[in-house]
Structures are given as structure tokens and as C-alpha cells.
Peer 1: 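Structure below; questions to follow.
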Number of protein chains: 2
Amino acid sequence: MPVPKGSTIDPERTRAAILEAATPILYERGLDGVGVAELCARIGVSKETLYRHFGTKDGLVAAMLEARSERVTRWLADAAATAGDDPRGQVAAVFEALEGWYGDPVFRGCAMLNAAAQHHVETVRAITARHLDRYLRLLTGIAERAGAADPHLLGRQLLVLVEGATVVAAHHDPAGAAGHARDAALTLLSAATRAD
Amino acid sequence: MPVPKGSTIDPERTRAAILEAATPILYERGLDGVGVAELCARIGVSKETLYRHFGTKDGLVAAMLEARSERVTRWLADAAATAGDDPRGQVAAVFEALEGWYGDPVFRGCAMLNAAAQHHVETVRAITARHLDRYLRLLTGIAERAGAADPHLLGRQLLVLVEGATVVAAHHDPAGAAGHARDAALTLLSAATRAD
DNA sequence: TCGAGATCGTACCGATCGGTTCGATCTCTG
DNA sequence: CAGAGATCGAACCGATCGGTACGATCTCGA
């Protein structure tokens, strides 16, 4: 019973439970692919409760995208951290983590990019842009610590590779995209560090 | 008067006119962002005519995506061809053509990727996959003629860069994405040809 | 000139959508 | 025990959606 009925038990827990349960459903079916009524039914919550916590369907969508962006970025940063201080190892770890994600049967591409492609609302586009900013910060940090000649350029190149790999994996080659992108990233890293 | 009323005048011309007029509208607003009624009003055609030619809204969408995929691939191939036999010039030409596209105020990312993110219908996903196949053939051809050690690998890496640049341009950095991807592509090309 | 066929404009259909409302029910606190 | 507040479930609302039907109009070939 993830969402109890009491009053003062957990004003906040209900919201978190809704968010957690709604995320995979909206990701799998698409933002417009599932109505609020069905969503509530599958979550096990009434429409009134959902609307009291999020005000609107877009409010729920924004909250879940924001949470997902933070979560996936942290996950990727953790993956890089497992490689210790080795820059090449960190880059390889990022793409190997992505490879695992691409192989997941529920993988449907980047949730933020999908959302931005569907919902032309400004708030969603802003969340997507912020998400790419988070990725860029992470990748630029790796490039800096690797001693790249131009870490900002390498960071942006890595961002293109990460996003490109995700797109290609989602729509063309789930098995190979991460490996090809990783090889490219390591080549770019070598070129960027050989020059200094 | 793009859509005359007569009977035997042009059974096929009407269909082409609908397709041409509907494409930019569906691209700008999204497949689900504009209803059939409004679409017909803006095209200047009746719903009956549209449905007789395409059967269903999905039919229209599929026809327009297929046409757009062929058209944009041909456009990119032409851009590469302007660089003559120089492989580096061909790669650079591809990304500079993309840069011009990204700068277009109506640029909204890749129409096929957007469509696949919205419409979870199998036919749309198939068209998107075929589209990436077209891109891959084009890029692998360039890699082969450049004498890359592993042209299939380089082709797939270039595909990741092209798609990644398009995504980043659409959602984060319209001005810089193409340039960064081009630099990365030329670095990969150098590495792939230096080895042999 | 006449009829076949393409098109128009509009009305219409059933379904679904996001969102609201309300009475009943439950749980905790005072 | 009493009441405040959160939740439920179901009904309800207006809008919009994709798709169909129909009579009127137009253009062509025979």
C-alpha cells in the first residue's frame, strides 16, 4: 500500500509515490500516449489527489522530468567515478554505462528529448536544455581533468557523442551505438591530449 | 491555385500539393500539435479530399516522412558532392550544410526523430530507422572513398556525430553544435586514415 | 452538351481528453 | 471522541479529436 489514506501521515510521501509510479509509465507510452485517467488508475491514486499535488498534467510532467534529469546525470557521474582518476577510463565508463542502458528492454531514448519533441511547451524545453547543460558540465569536467588542450571543446564534442549515441541506439542500432561512440570519444581524447 | 477543382486535371497533383503544404505545418507544430481540421483549413483542402488521398492521418504522416527523408538525404549527399573528391572537404561540407539548417528559424530538429518520439506507431518507427540507414549509407560511402581503415566503423561514428549534432542544435546550442561535430569528425577521419 | 469524377463546405458522430466537483471514507491529532 | 484533512471513486463538463456523410459545385472528356 504505497499511498495510504490518512491525513497527517505523509503529505509529501504521496507526491513522491505518484512521481515514482508515473515515471516509467509516461516514459514507456509517451507523455500524450496515456491519459490522466488511465495514469491514475495504474498508479492507484485518484485524479483529485494527483491534481492537488501537481496542479496540472504538465506540472506532473515537469516534476518528473526534472527529477529524472537529476537522477540520470548523477547515475552517469557515478559511473565515471568508478574509473578513479584515469581520464580514459572515465570516458569509457560513461559509454559503457550508456551501453547497459541501451540494452534495457524498456529503453526508449532520452526521456527529456522525447518530451521536448512531443510537448512544445516552453517549460519542457527549458528542462531539456538544463538537462543537456548538466551533461555538458559533467563531460567538460572529465575533459578538464584529462588535461585536454581545449576542455570546453572536448566537452561539447563528448556531449554530441553521448546524445548521438542515445538517438542512434533508440532508433537504429541499440547494440553498437555506445561502442562506436566510445571509440570515437577515446580517439578525440587522445587527439586533445596529445597536442599539449 | 495549387489545388484545382476539376476531375481529370490531376489526380496526382492534388496529392503532391497536400503533401507539400502539410509538411512544414506538421514539422513546426508536431504531428499531434495540429488537428486534421485545422491542417486542411491551412492547406486549403477539404477533409474529404485529404482522406481520399491518404486514407488516414497516419497515412499522410507516413507519406510526408518518407518524402522528407529522401529529400533531406539527397540534399546532404548533394552538399557532400560539391566538395569534389576531397574526403575531408566532403565531411566538412556535410556539417556546414547542417550548420545552415540549424540556423534556420524554422529548425526544430530531425522530423523523423521527432515523429518517432511522438507517434509510437510501428510504421513511423520503421521510417525513422530507414532514414538513419540512408544517412549511414551516405556517411559510410564517404568513409570508404576517404580510405578509412575501417570505413564501416567510421561511417557509424559519423552517424552518431550527425545525429548528436542535430539533437544538441535543436535543444541546446544551435550555433556551435555543427562546428564541434565537424571538428570531431575531421579528427576521427584523420585518425582513421593515418593508421593504414 | 452531358455525365463522370474530384472537390468543397459543413454538419455530424462517437470517443477521448484534461480538469472539476462531491459525498463517502479513512487516519491521524488534539 | 470529535474534527481536520487527505484520499477515493465516480459522475460530470466542455473541448477537441479523427473520421464520415452529403448535397452542391466545378472541370474535364466523350
Side-chain angles (χ1 to χ4, degrees), chain A residues 1-22 25-26 28-65 115 118-124, chain B residues 1-22 25-26 28-65 115 118-124:
Chain A
M1 227 167 301
V3 181
K5 275 192 177 178
S7 68
T8 325
I9 285 194
D10 27 35
E12 198 64 21
R13 188 78 77 187
T14 303
R15 179 188 159 100
I18 294 175
L19 219 44
E20 187 178 353
I25 302 175
L26 289 172
E28 178 190 355
R29 304 265 302 272
L31 302 186
D32 295 333
V34 51
V36 175
E38 182 189 351
L39 192 61
C40 288
R42 294 187 48 178
I43 293 178
V45 92
S46 70
K47 293 176 73 174
E48 180 169 0
T49 299
L50 186 146
Y51 276 103
R52 179 155 29 80
H53 279 290
F54 298 96
T56 205
K57 189 185 185 183
D58 283 348
L60 169 67
V61 165
M64 94 128 181
L65 289 178
Q118 299 169 43
H119 249 332
H120 285 202
V121 189
E122 186 50 37
T123 149
V124 172
Chain B
M1 227 164 304
V3 181
K5 275 192 176 179
S7 68
T8 326
I9 284 193
D10 26 36
E12 197 66 22
R13 188 77 77 186
T14 303
R15 179 188 159 100
I18 293 175
L19 219 45
E20 187 178 353
I25 302 174
L26 290 171
E28 178 190 354
R29 303 265 302 271
L31 301 185
D32 295 332
V34 50
V36 175
E38 181 189 350
L39 192 61
C40 288
R42 294 187 48 176
I43 293 177
V45 92
S46 70
K47 293 175 73 172
E48 181 169 357
T49 299
L50 186 145
Y51 276 103
R52 178 155 29 81
H53 280 290
F54 298 97
T56 207
K57 189 185 185 182
D58 283 349
L60 169 66
V61 166
M64 92 123 181
L65 289 178
Q118 300 169 43
H119 249 335
H120 286 202
V121 189
E122 186 51 36
T123 149
V124 171

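Quick note on labels: first sequence line is chain A, next is B, and so on, each numbered from 1. Just the heavy atoms: all of them, side chains too, but no hydrogens, waters or symmetry mates, feed the values below.
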Peer 1: Kindly say if A:Thr14 contacts the phosphate of D:dA6, meaning a side-chain N or O under 4.0 Å from OP1 or OP2.
Peer 2: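 So the side chain of A:Thr14 is outside the cut-off, no N or O lying under 4.0 Å from OP1 or OP2 of D:dA6.
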
Peer 1: Quick one: does A:Lys57's side chain get under 4.5 Å of A:Leu50's, heavy atoms only?
Peer 2: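 No, every pair of side-chain atoms sits at 4.5 Å or beyond.
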
Peer 1: Please encode protein proximity along nucleotides 11-21 of chain C as a string of B, S and -, counting only heavy-atom distances under 4.0 Å.
Peer 2: -------SBB-

Peer 1: Pair up each side-chain donor or acceptor in residues 38-46 of chain A with any protein partner under 3.5 Å, not counting sequence neighbours, and list the distances.
Peer 2:
from	atom 1	to	atom 2	distance (Å)
A:Glu38	OE1	A:Arg29	NH2	3.1
A:Glu38	OE2	A:Arg29	NH1	2.9
A:Glu38	OE2	A:Arg29	NH2	3.3
A:Ser46	OG	A:Thr49	N	3.3
A:Ser46	OG	A:Thr49	OG1	3.1

Peer 1: How sharply is the helix from C:dT1-D:dA30 to C:dG30-D:dC1 bent, taking the axes over five pairs at either end and rounding to 10 degrees?
Peer 2: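 That helix gives 0° between its end axes.
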
Peer 1: When you measure from the side-chain N and O atoms of A:His53 to the phosphate of D:dA6, is any distance below 4.0 Å, counting only OP1 and OP2?
Peer 2: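 Answer is no, no contact under 4.0 Å.
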
Peer 1: Measure from CZ on A:Arg13 to P on D:dT7 and round the result to the nearest Å.
Peer 2: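 Those two atoms, CZ and P, are 13 Å apart.
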
Peer 1: Applying side-chain contact (heavy atoms from CB on, under 4.5 Å), can you list everything that pairs with A:Thr56, at least two apart in sequence or on another chain?
Peer 2: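 Testing A:Thr56 for side-chain contact (heavy atoms from CB on, under 4.5 Å), a comparison that skips the adjacent residues, returns A:Asp58.
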
Peer 1: Below the 4.0 Å mark, does C:dT7 have OP1 or OP2 next to a side-chain nitrogen or oxygen of B:Arg52?
Peer 2: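 So the side chain of B:Arg52 is within the cut-off, an N or O lying under 4.0 Å from OP1 or OP2 of C:dT7.
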
Peer 1: Contact between A:Ile25 and A:Met64 at the side-chain level, heavy atoms closer than 4.5 Å - yes or no?
Peer 2: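 Sidechains of A:Met64 and A:Ile25: no contact.
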
Peer 1: With a 4.5 Å cut-off on side-chain heavy atoms, are A:His119 and A:Asp32 touching?
Peer 2: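 Yes, at least one pair of side-chain atoms sits under 4.5 Å.
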
Peer 1: Does C:dC8 have its OP1 or OP2 closer than 4.0 Å to a side-chain nitrogen or oxygen of B:Thr49?
Peer 2: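 For C:dC8, OP1 or OP2 has a side-chain N or O of B:Thr49 closer than 4.0 Å.
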
Peer 1: Rounded to whole angstrom units, what separation is found between the CG atom of B:Leu60 and the P atom of D:dG19?
Peer 2: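 Rounded to the whole Å, the gap is 10 Å.
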
Peer 1: Of all heavy-atom pairs between A:Leu31 and A:Gln118, which one has the smallest distance, and what is that distance?
Peer 2: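 Between these two residues, the closest heavy atoms are N-OE1, 2.9 Å.
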
